[in-house]
Amino acid sequence: SRGGPSERSAVLQPTKNVHFRKLTTMAAWVIDKYGSNEVLEFREDNRRPSVCTSAEVLLKVHAAALNPVDVAMRGGYGSTLLGVRRDALSLGWMGGEFPLVLGRDASGVVVECGSGVTHFQPGDEVWAAIPPWKQGSLAEFVVLSESEVSHKPKSLSHTQAASIPYVASTVWSALVVTAGLNKDSCSGKRVLIVGASGGIGILAIQLMKVWGAHVTATCSRSAEGLVRSLGADHVVDYTSGDTKAQLETLEKFDVVLDNVGGDTEDWAVTLLRPWAGAKYITLVTPFLLNLDKLGLAEGTVQTGLTAGSKALKNLCDKGVHYRWAFFAPNGAALDQIADMVDEEQVRPVVEAEFSFSKVAQAFQKVEQGHARGKTVINIH
Ligand code: NDP
């Protein structure tokens, strides 16, 4: 009844294949074309990524988070430039970007390290912000460069940790790299954060307060309690009348971080101290849209002209610096943020949690706007 050799191999073979398949495949939410929420598809037979270069690490993802850029990328935003970056790096996109995995935040555990990796070993708990030209974290596994990864704060769960890396790296790029602020230069500086109640604002307020700046924040009335609890010194409700007029009654600012864009930049630059090195930094730029609409060459020229002429005009007319800022992966910055979290200077704000099977609902939540913190997906 136990069967002879031929019967045994017939029984064992499929078992082996199932095991092998489990090691080479993974579950992930993928898109095979751009569009609205119905393009999101859960599949269990995706190719599991592996470490290909000496500087890479393979992470098992425990939690991921969504950002507005995921909703935009689902619809094709940035595909012109990101496609070029993916091809140049040959990151497993064999002839096109699909199937594409979204998700820019990851908290998880290191499974495997390239031979040149020095900071991490299998079993380490880590967090990372994933560049948009790489496969994302709405998957069981993700491969990243060592420089993009950081040890996660010990005091946070994976769910809490996943809410921080992408917004923290972007805030670092905007306020530290572009505005030139740091722990020694912030004391006494007046910083205005326009659009303070979402993911970026939450991190920006906290970082500026840790470093001793005076923070004014704009948000709607329903977010005032949250924004004050994070440390904002002064809050302006943008829904209760003329925001510009309300802000004009205040002392002028040294730095404006604009997370809203559009008309905001026309008046926000006028709130800065003239001829004092003050900076207006916006995260809402037409850069990738220009490239999508006009193509790589014309889009780059158009973008350069727009940014350059605005910078020149604001410097000559108003005596203020006008700059665009962008997310940049930065494991070293995450190391510093992790210390601040473990010292209870910075805290996560998770507004909504979804299970891995409910990623489409999580996208709907983010797409509705009015964020009051981050939307996190628990994967394992
Ligand atoms: P979120 O969606 O998390 O938050 C946006 C917040 O702004 C919400 O709380 C919203 O609440 C509030 N808001 C909307 N309109 C206004 C307004 N007129 N004045 C004040 N607050 C307002 O987005 P993020 O914080 O993650 O990102 C902010 C922006 O930065 C987005 O446009 C994003 O695309 C961009 N970004 C750019 C990056 C880059 O590389 N350049 C990287 C990361 C983000 P409510 O509507 O209820 O007021």
Side-chain angles (χ1 to χ4, degrees), residues 65-75 77-78 81-82 85 103-105 129-133 162-175 177-179 192-207 216-227 230 232 234-244 246-247 256-268 271 281-291 303 307 323-330 333 348-352 362-376:
L66 292 185
N67 289 275
V69 72
D70 291 304
V71 175
M73 282 176 68
R74 188 197 63 198
Y77 171 76
L81 183 66
L82 298 176
R85 217 38 226 268
R104 310 267 62 93
D105 289 291
I130 305 171
W133 54 89
S163 69
I164 292 179
Y166 187 77
V167 288
S169 305
T170 304
V171 165
W172 198 276
S173 167
L175 292 177
V177 179
T178 310
L192 170 64
I193 299 170
V194 181
S197 50
I200 296 285
I202 280 166
L203 240 293
I205 295 170
Q206 296 190 85
L207 183 64
T216 300
T218 73
C219 61
S220 53
R221 189 188 307 275
S222 63
E224 180 169 350
L226 169 66
V227 164
L230 296 168
H234 191 91
V235 179
V236 169
D237 169 14
Y238 81 92
T239 62
S240 73
D242 187 340
T243 314
K244 179 189 176 199
Q246 294 182 69
L247 289 164
V256 173
L257 175 64
D258 186 354
N259 307 320
V260 172
D263 298 343
T264 305
E265 73 175 46
D266 298 337
W267 51 261
L271 302 169
I281 314 288
T282 183
L283 283 169
V284 186
T285 81
F287 176 47
L288 290 177
L289 278 181
N290 277 350
L291 267 58
T303 300
R323 296 280 183 274
W324 290 355
F326 301 95
F327 159 80
N330 189 340
V349 181
V350 176
E351 182 190 10
F363 268 81
Q364 270 168 2
K365 156 83 185 83
V366 173
E367 204 163 1
Q368 279 159 9
H370 308 299
R372 298 289 180 267
K374 298 294 301 178
T375 294
V376 176

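What you are looking at is a predicted structure, and each value in this text was computed from that prediction instead of being measured. Residue numbers run from 1 in the order of the sequence given. For ligands, and for the atoms within them, numbers begin at 1 and follow the listed sequence.
- In terms of the side chain to side chain donor-acceptor pair (under 3.5 Å) criterion, residue partners of Glu224 (sequence neighbours excluded) are, by chain and number, Arg228.
- Formation of a donor-acceptor pair under 3.5 Å by the Thr178 side chain with backbone atoms of Ser173 is found in this model.
- Between Lys374 atom NZ and Asn67 atom CG the span is 3.5 Å, to the nearest 0.5 Å.
- Within 4.0 Å of ligand 1, contacts by protein heavy atoms are made from Pro68, Tyr166, Thr170, Gly195, Ser197, Gly198, Gly199, Ile200, Thr218, Ser220, Tyr238, Asn259, Val260, Leu283, Val284, Ala325, Phe326, Phe327, His370, Ala371, Arg372.
- With hydrogens and angles disregarded, no donor-acceptor distance shorter than 3.5 Å links the side chain of Thr282 to the backbone of Trp324.
- In this structure Glu367 satisfies the side chain to side chain donor-acceptor pair (under 3.5 Å) test together with Arg74, sequence neighbours excluded.
- Among residues two or more places apart in sequence or in another chain, the salt bridge (Lys or Arg N to Asp or Glu O under 4.0 Å) test is passed with Arg323 by none.
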